[in-house]
Amino acid sequence: MTDNKDVLVEFRNFGFKYNAQQEPTLFDIDLCVRRGEKILIAGPSGCGKSTLVHCINGLIPFSYRGEMTGSLKIAGKESRELDLFSISKTVGTVLQDTDAQFVGMTVAEDIAFALENACVIQDEMKKRVLRIAKTVNVQDHLHHAPGELSGGQKQRVSVAGVMVDDVDVLLFDEPLANLDPATGREAIELIDELQKETGAAVIIVEHRLEDVLWRHVDRVVLVSEGRIISDSDADTLLSLDLLSKAGIREPLYVQALKYAGVIMTPEKKPSDPAFSCLDERDREMVRHWFEASGEKDSSGEKHPLLEVKDLCFSYEKRNRRALDRISTVIYEGSMTAIVGTNGAGKSTFSKVICGFETGQSGEMYFDGIDLKDLSMKERAEHIGYVMQDPNHMISQTMIYDEVAFGLRNRAVSEDEIKSRVDDVLKV
């Protein structure tokens with residue numbers, strides 16, 4: 001065992017099994033996080049990333065009960081011997097859902113929460129809150145309610161709330177999940193600046209590898225089926241095929257290089273999306289592949305399925321339109337992406353189509369039928385909606401019953417329900 005004071009988190013032959021499960025979730029974890037390091041933890045859904053995070057920030061074993069084996073030390077002390085409050089003094093966590101992290105009525109109150117619990121005198125508290133707010137650039141929003149802020153601003157407030165306690169480890173649990181690409185890039189830049197300024201260890205758990213790699217990371221830890229299968233620098237990992245084998249999409253620019261026939265090696269610095277280390281032969285291969293790709297033939301008659309004409313919508317008590325004369329056609333069999341920044345109106349557009357909100361003006365037709373003549377229930381016969389947060393949709397105890405729920409509401413026979421549920425669960 002090392003006694004290096006720079007080691008802040010140390011797993012040794014660590015395992016964990018939830019009380020509610022028969023098999024362990026984590027196996028033989030050996031991982032060391034040192035002061036000043038920036039580490040990306042990646043892996044497919046269900047691989048054990050969240051469990052690993054909960055072990056680091058103390059939610060395991062204090063909130064999620066189970067059996068721990070091996071050793072986990074936080075700042076040199078066994079986590080079993082620490083309480084949740086003590087761990088929070090070393091590890092600060094920024095949750096994926098920032099709204100779930102807010103406790104104050106205003107931004108200033110939320111940032112000050114940890115200081116209030118520590119009984120810091122008010123004058124000192126105000127100085128520290130203002131200093132941290134300036135660090136994350138929310139000093140102009142201290143008297144706003146957190147819910148009034150944009151997604152990127154909310155994340156900055158969450159970061160300030162954990163930084164104000166001078167923690168040694170900043171843990172970000174999927175910080176880009178609810179952010180558009182531009183705001184996500186700003187978030188990665190903020191994390192990078194904070195790491196350099198504070199010297200804290202930074203742990204980022206994220207699927208969007210190319211966005212995280214917008215700024216340098218020291219190591220990428222790849223988790224699969226409860227085990228660490230790789231702990232290396234980004235260039236080494238991207239030169240192998242471990243990501244695709246583990247079920248993680250490689251950065252798009254890396255995929256493009258491979259399609260072009262470029263052999264990836266660590267020396268070519270594949271973590272750099274500018275391709276600055278490619279030689280002329282590789283560049284020629286990319287140019288040839290690009291020119292040879294061409295466009296797919298999109299000729300042929302298309303059947304319009306959803307038609308929207310001059311759709312307008314405004315929320316109450318807001319001075320501007322959320323949707324302003326939206327017109328589009330979505331064709332049968334097509335795959336369409338609706339993109340835009342946070343607050344652009346993407347979710348509002350979806351809600352109006354489904355009938356969750358009612359457009360003030362404009363027309364919408366589904367397969368020639370005027371949608372204004374259909375209730376929300378009738379629209380649901382044709383238009384399915386998957387929310388950003390699946391917890392808002394789940395209403396049944398068991399998975400089978402949840403998937404069968406809509407069919408049972410439509411009085412479909414149990415034999416047909418079983419066949420259709422079995423088929424879709426396999427998909």
Side-chain angles (χ1 to χ4, degrees), residues 18-23 25 44-47 50 64 96-97 99-100 174 177-178 207 247 300-316 322-323 326-340 344-427:
Y18 290 99
N19 285 341
Q21 296 182 351
Q22 291 185 336
E23 298 296 328
T25 299
S45 297
C47 72
S50 295
Y64 304 106
Q96 175 182 336
D97 181 3
D99 289 325
E174 298 201 27
N178 300 318
H207 290 95
E301 186 176 349
K302 297 178 181 179
H303 174 63
L305 197 60
L306 179 66
E307 298 178 81
V308 180
K309 300 178 182 178
D310 295 322
L311 178 64
C312 296
F313 175 81
S314 299
Y315 289 101
E316 291 183 11
L323 302 176
I326 300 294
S327 297
T328 189
V329 179
I330 296 176
Y331 296 95
E332 186 175 33
S334 66
M335 181 179 292
T336 303
I338 302 175
V339 299
K346 304 184 299 297
S347 296
T348 301
F349 182 51
S350 302
K351 290 175 182 176
V352 173
I353 291 173
C354 293
F356 304 155
E357 303 284 358
T358 303
Q360 279 91 4
S361 63
E363 300 173 86
M364 293 188 298
Y365 297 91
F366 178 84
D367 204 13
I369 302 171
D370 193 336
L371 282 179
K372 75 173 183 296
D373 297 330
L374 300 182
S375 66
M376 190 187 308
K377 177 181 180 298
E378 289 170 327
R379 294 188 195 193
E381 298 281 347
H382 309 287
I383 303 170
Y385 184 70
V386 179
M387 294 181 178
Q388 181 174 325
D389 184 351
N391 291 315
H392 292 161
M393 300 179 65
I394 295 174
S395 61
Q396 304 299 300
T397 303
M398 305 302 290
I399 292 173
Y400 180 93
D401 295 329
E402 178 65 35
V403 179
F405 185 70
L407 299 177
R408 285 175 175 157
N409 283 342
R410 296 181 178 90
V412 176
S413 71
E414 283 297 323
D415 287 343
E416 184 177 351
I417 287 176
K418 185 177 188 314
S419 174
R420 291 170 66 174
V421 169
D422 286 346
D423 287 344
V424 77
L425 287 178
K426 289 176 183 177
V427 173

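All values below were derived from every heavy atom in this structure, side-chain atoms included, with hydrogens, water molecules and symmetry-related copies excluded. Numbers here are sequence positions counted from 1.
- For the side-chain hydrogen bond (donor to acceptor under 3.5 Å, both in side chains) test, residues two or more places apart in sequence or in another chain that qualify with E414 are R408.
- In this structure, E363 contributes its side chain and K309 its backbone to no donor-acceptor pair below 3.5 Å.
- Residue G345 comes nearest to L323 through the heavy atom pair O-CD2, 3.6 Å, listed as atom of the first residue, atom of the second, then distance.
- Put simply, the side chain of E174 never gets that close to the backbone of H207: no donor and acceptor are under 3.5 Å apart.
- Among all heavy-atom pairs drawn from P44 and G247, the shortest one is CB-O, 4.3 Å.
- Interatomic distance, CD1 of I369 versus NE2 of H382, reported as 5.5 Å (0.5 Å rounding).
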Verdict with supporting geometry, C354 and I383, side chain to side chain contact (heavy atoms under 4.5 Å, CB included): CA-CA 7 Å; C354 293; I383 303 170; 4.0 Å; yes
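- Counting heavy-atom neighbours within 6.0 Å of E23 CD, excluding the residue itself, gives a total of 12 or less.
- Considering CD1 of I330 and CD1 of I353, their distance stands at 6.0 Å, rounded to 0.5 Å.
- Residues K302 and E332 are not in side-chain contact: their nearest non-hydrogen atoms beyond the backbone lie 4.5 Å or more apart.
- Taking the salt bridge (charged side-chain N to carboxylate O under 4.0 Å, His left out) definition, one finds that R420 meets it with E416, sequence neighbours left out.
- Looking only at side-chain heavy atoms (C-beta outward), R379 and M364 come within less than 4.5 Å of each other.
- Sorted by first and then second residue, the side-chain hydrogen bond (donor to acceptor under 3.5 Å, both in side chains) pairs involving residues 344-355 (not counting sequence neighbours) are Y315-T348.
- Scanning for salt bridge (charged side-chain N to carboxylate O under 4.0 Å, His left out) contacts around D423 gives an empty result, with sequence neighbours left out.
- The closest side-chain heavy-atom distance from S327 to D310 is below 4.5 Å.
- In this structure, the separation between CD1 on I394 and CE on M387 is 11.5 Å, given to the nearest 0.5 Å.
- Remark: T358 OG1 to L371 CG distance equals 11.5 Å, nearest 0.5 Å.
- Between the CD atom in E307 and the CG atom in D370 there is a gap of 11.0 Å [rounded to 0.5 Å].
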Candidate pair L306 and Y365, rule side chain to side chain contact (heavy atoms under 4.5 Å, CB included), full reasoning: CA-CA 6 Å; L306 179 66; Y365 297 91; over 6 Å; no
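- Identified under the ring-ring contact (aromatic ring centres under 6.0 Å, His included) test for residues 391-427, with sequence neighbours left out: none.
- Considering only residues two or more places apart in sequence or on other chains, D422 meets the salt bridge (charged side-chain N to carboxylate O under 4.0 Å, His left out) condition with K418.
- With contacts defined as side-chain heavy-atom distances shorter than 4.5 Å, the pair L305/Y331 does not qualify.
- Separation of the F349 and F313 ring centroids does not fall under the 6.0 Å cut-off.
- A donor-acceptor pair under 3.5 Å is formed between the side chain of E378 and the backbone N or O of S375.
- Distance alone, capped at 3.5 Å, places no donor-acceptor pair between the T328 side chain and the V308 backbone.
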